There are 2 protein chains.
Amino acid sequence: MRPTVHDIAAAAGVSLATVDRVLNQRPGVRLVTREKVEAAIRQIGYIRDVAAANLAKSRVYPLVFIVPTGDNSFMHGLRFEVHQATLRASIERTDIRIIEVPPFDVPALVAALDALQGQDIAGVALVATDAPEVRAAVDRLVSERIPVVTLVSDLTDSRRHHYAGIDNIAAGRTAARLLGRFLGGREGDLTVLAGSMLVRDHRERLQGFSAVIAEEFPRLRVLPVLEGRDDPERTQSLISKALSENRNIIGIYSLGAGNRGLIAGLKAVRPERELTVVVHELTRHTRAALLDGTIDAVLNQDAGHEVRSAIRVMKATADGQAVIADQERIRLDIFLKDNLP
Amino acid sequence: MRPTVHDIAAAAGVSLATVDRVLNQRPGVRLVTREKVEAAIRQIGYIRDVAAANLAKSRVYPLVFIVPTGDNSFMHGLRFEVHQATLRASIERTDIRIIEVPPFDVPALVAALDALQGQDIAGVALVATDAPEVRAAVDRLVSERIPVVTLVSDLTDSRRHHYAGIDNIAAGRTAARLLGRFLGGREGDLTVLAGSMLVRDHRERLQGFSAVIAEEFPRLRVLPVLEGRDDPERTQSLISKALSENRNIIGIYSLGAGNRGLIAGLKAVRPERELTVVVHELTRHTRAALLDGTIDAVLNQDAGHEVRSAIRVMKATADGQAVIADQERIRLDIFLKDNLP
DNA sequence: CGATTTTTGATGTACGTAAATCAAAAATTT
DNA sequence: AAATTTTTGATTTACGTACATCAAAAATCG
């Protein structure tokens with residue numbers, strides 16, 4: 001049987017009320033008594049029953065998710081997963097509020113963050129836009145002892161408690177190696193397609209990608225980035241133009257969203273041009289393209305895992321509890337046509 | 001505020017005692033009354049507070065893990081992860097017992113399973129050896145309403161509630177495509193190294209592997225399987241012999257344990273022979289070999305995830321609760337040197 | 001119809017913790 | 001040493017559910 005507050009009281013030779021004062025850091029306990037109780041807690045190995053405590057407190061965790069609007073598949077999926085989490089909210093004692101902000105809009109994001117100050121909130125998860133103003137706003141929340149978790153896109157040098165997302169440099173490096181190896185020893189050009197170089201995760205992916213190509217695949221050359229702004233039509237025209245103007249392109253790395261346009265562009269030149277293609281984010285479209293051979297590999301981050309992990313971490317942080325670090329590591333999924341879920 | 005039993009009672013116009021009788025399926029309620037209460041439950045959307053119920057019941061989940069002895073890195077890691085879970089046992093209201101049985105020993109496994117009959121157990125997780133006797137023993141436990149989860153290795157056509165492990169056919173297929181693609185259009189032989197063809201997961205990996213090579217890489221030929229019995233020395237001598245006797249070998253798929261021997265054998269022929277190598281299970285040795293270029297890719301299943309997932313599923317099954325299917329899907333990790341955790 | 005059985009209600013205790021109140025004891029100050 | 005302040009104890013209620021007991025009401029039977 002696991003020890004309870006009663007056991008602490010008996011072991012320390014004090015009353016239940018005093019134990020409660022120590023455990024919940026209430027005033028009115030002499031230092032010597034406090035130390036006596038703390039020693040007893042350590043000695044008998046007491047661990048607070050969080051479920052019982054939450055019951056007694058009628059604890060709920062008011063959580064806020066700040067996610068960008070925008071209609072690309074990934075953000076759509078992310079919002080869907082947050083919404084799924086709201087359906088489990090009562091069971092998990094959470095109360096999830098979703099705030100949507102325009103993408104890449106730093107002032108809007110900062111305003112949303114600042115509006116949370118002073119509110120009774122057990123945690124904030126946000127898809128961070130990498131800007132000093134955002135960093136400062138996040139740090140302000142942390143100063144108010146509000147747990148902050150970055151989601152999908154991190155905010156370096158900020159005081160956020162946790163990042164629930166993949167290592168984007170590693171993702172870019174992995175994409176490079178896959179492309180490089182799939183291309184055997186062939187020589188030629190690689191086109192990189194991004195949403196916007198303003199987003200940190202896209203920059204990091206490109207950085208990792210370029211590094212590995214330069215270091216280990218000297219016969220391949222990375223062309224200047226095409227910015228499709230996650231817009232299928234723009235993406236399609238960009239890629240079609242690039243392919244027709246440069247016959248040396250033998251590989252494509254699409255590190256952002258807007259893959260619908262890429263796939264359409266590829267299908268247009270399909271039988272003639274032999275292209276090796278690695279893209280990010282598993283969607284209905286990329287899945288189909290992977291299966292029919294239009295693309296060769298999909299790198300993915302599981303939005304559902306990210307959301308659930310963020311919730312677990314926010315709750316644990318709010319309670320000052322430890323997390324199972326290994327469980328909260330978000331993994332880069334690599335999908336070939338054979339291991340699709 | 002989430003509705004409670006009191007709200008049901010008020011809504012149905014009955015007493016708390018009657019609600020309790022309905023909720024916990026106790027006798028002494030007329031059919032019409034029972035239906036009235038059930039209607040109220042549905043109508044106000046009552047969900048039992050599992051934490052409070054477990055508190056009231058002083059519920060603990062006595063769980064049993066049956067894992068093979070054997071000193072290969074993977075099983076060692078699996079036992080370690082189960083042990084880690086026992087450290088969290090009191091917090092999670094679990095009481096985990098580990099039973100070790102000799103590997104591939106069907107009678108021993110059956111005896112261990114049958115010994116659990118009649119015991120007060122909330123769930124059994126086992127690394128299944130694929131035999132009709134084991135299947136029958138598992139089905140006997142399921143008949144006694146004990147949740148059974150297979151771990152790492154599944155038991156098809158049994159009545160086990162859940163499988164916490166990867167899709168081994170998909171793993172084999174993925175290995176084949178990686179090898180095939182990495183080899184470009186080259187022609188040659190592929191050696192497959194297994195522990196034992198008596199284990200279902202090894203058979204399935206081989207099946208997937210052979211299928212994809214045959215279908216899609218006609219210039220590659222799969223040689224007869226070498227059975228290393230997960231023994232490093234035996235494995236090393238097998239691989240050295242194979243490599244010296246057959247100069248056409250250009251790729252290796254190691255689908256079992258005993259990779260220490262494989263790596264040693266590869267290093268012995270390293271600069272002269274150019275080999276593309278895909279192995280299973282990320283260990284200290286395979287990680288180092290991946291980093292130094294001795295091997296090209298590692299397929300992995302995360303034992304920690306498998307154990308934690310098995311625990312969640314057993315608890316949920318014991319309570320007749322739903323699981324988040326997507327969260328419990330065990331993924332095949334593909335590691336290149338760039339995305340190691 | 002009364003007697004019997006079944007169903008329902010009322011009530012209390014428990015799980016482990018939180019939080020509040022009031023009285024008693026101890027420490028500190030004057 | 002008395003007055004004051006601080007610390008401690010004892011006790012109660014609450015969270016939402018489980019479970020037991022006993023009495024009262026309703027249904028069923030002969």
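Computed from heavy atoms alone, side chains included, the values below leave out hydrogens, waters and symmetry copies. Lettering of chains follows the sequences in order, A, B, ..., and the numbering in each one begins at 1. This one's a predicted model, so the numbers in the text were calculated from it and none came from an experiment.
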Is [X] reaching over with its side chain to a backbone N or O of [Y], donor-acceptor style, under 3.5 angstrom?
| X | Y | result |
| --- | --- | --- |
| Asp49(A) | Ala51(A) | yes |
| His161(B) | Val149(B) | no |
| Thr317(A) | Val313(A) | yes |

* To do: State which of dT17(D), dC15(C), dA18(C) makes the closest approach to the side chain of Arg48(B).
  =>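 Selected nucleotide: dT17(D).
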Would you say [Y] and [X] are linked by a side-chain donor-acceptor pair, where the criterion is simply a distance under 3.5 Å?
| X | Y | value |
| --- | --- | --- |
| Arg159(A) | Ser143(A) | yes |
| Glu328(A) | Ser309(A) | yes |
| Thr94(A) | Arg88(A) | no |

Value in whole Å for how far the [atom2] atom of [N] lies from [atom1] of [X]:
| X | N | atom1 | atom2 | result |
| --- | --- | --- | --- | --- |
| Arg2(A) | dG16(C) | CZ | C1' | 9 Å |
| Lys57(A) | dG16(D) | NZ | C1' | 16 Å |
| Arg59(B) | dC19(D) | CZ | P | 10 Å |
| Arg34(B) | dA27(D) | CZ | C1' | 17 Å |
| Leu31(B) | dA27(D) | CG | P | 14 Å |
| Asp49(A) | dC15(C) | CG | C1' | 9 Å |
| Leu55(B) | dC19(D) | CG | P | 12 Å |

The criterion is salt bridge (charged side-chain N to carboxylate O under 4.0 Å, His left out); which residues satisfy it with Arg2(A), sequence neighbours excluded?
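Listed in chain order: nothing, the list is empty.
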ask   = Which parts of residues 3-10 of chain A get close to DNA chain C, meaning a heavy atom less than 4.0 angstrom away?
value =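 The stretch gives Thr4(A), Val5(A), His6(A) as the residues lying under 4.0 Å from the strand, ordered by number.
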Contacts under 3.5 Å, N or O only, protein and nucleotides 26-30 of chain C:
none

Salt bridge between [X] and [Y], side-chain N to carboxylate O under 4.0 Å?
| X | Y | result |
| --- | --- | --- |
| Asp154(B) | Arg160(B) | yes |
| Arg48(A) | Asp319(A) | no |
| Asp167(B) | Arg329(B) | no |
| Arg135(B) | Asp157(B) | no |

**Report entry** Which atom of Arg21(B) lies closest to which atom of Arg34(B), heavy atoms considered
**Finding:**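 Of all heavy-atom pairs spanning Arg21(B) and Arg34(B), the closest is O-NH2, 3.9 Å.
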Checklist entry - For DNA chain D, what residues of residues 12-27 of chain A have any heavy atom nearer than 4.0 Å? => result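 Gly13(A), Val14(A), Ser15(A), Ala17(A), Thr18(A), Arg21(A) - these, ordered by number, are the residues of the stretch whose heavy atoms sit under 4.0 Å from the strand.
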> Residues from residues 36-45 of chain A sitting under 4.0 Å of DNA chain D, heavy atoms only?
Replying inline: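 DNA chain D contact set from residues 36-45 of chain A: none.
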On DNA chain C, check which nucleotide each of Val29(B) and Arg93(B) is closest to and give me the residue with the more 5' one.
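Comparing both residues, the 5'-ward one is Val29(B).
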With rounding to the nearest 0.5 Å, note down the distance linking OG1 in Thr150(A) to CD in Glu306(A).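 Separation between the atoms: 10.0 Å.
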Atom pairs and distances, donor-acceptor, side-chain atoms in residues 117-124 of chain B, under 3.5 Å, two or more places apart:
from: Gln117(B); atom 1: NE2; to: Asp114(B); atom 2: OD1; distance (Å): 3.1
from: Gln119(B); atom 1: OE1; to: Arg97(B); atom 2: NH2; distance (Å): 2.8
from: Gln119(B); atom 1: NE2; to: Ala115(B); atom 2: O; distance (Å): 2.8

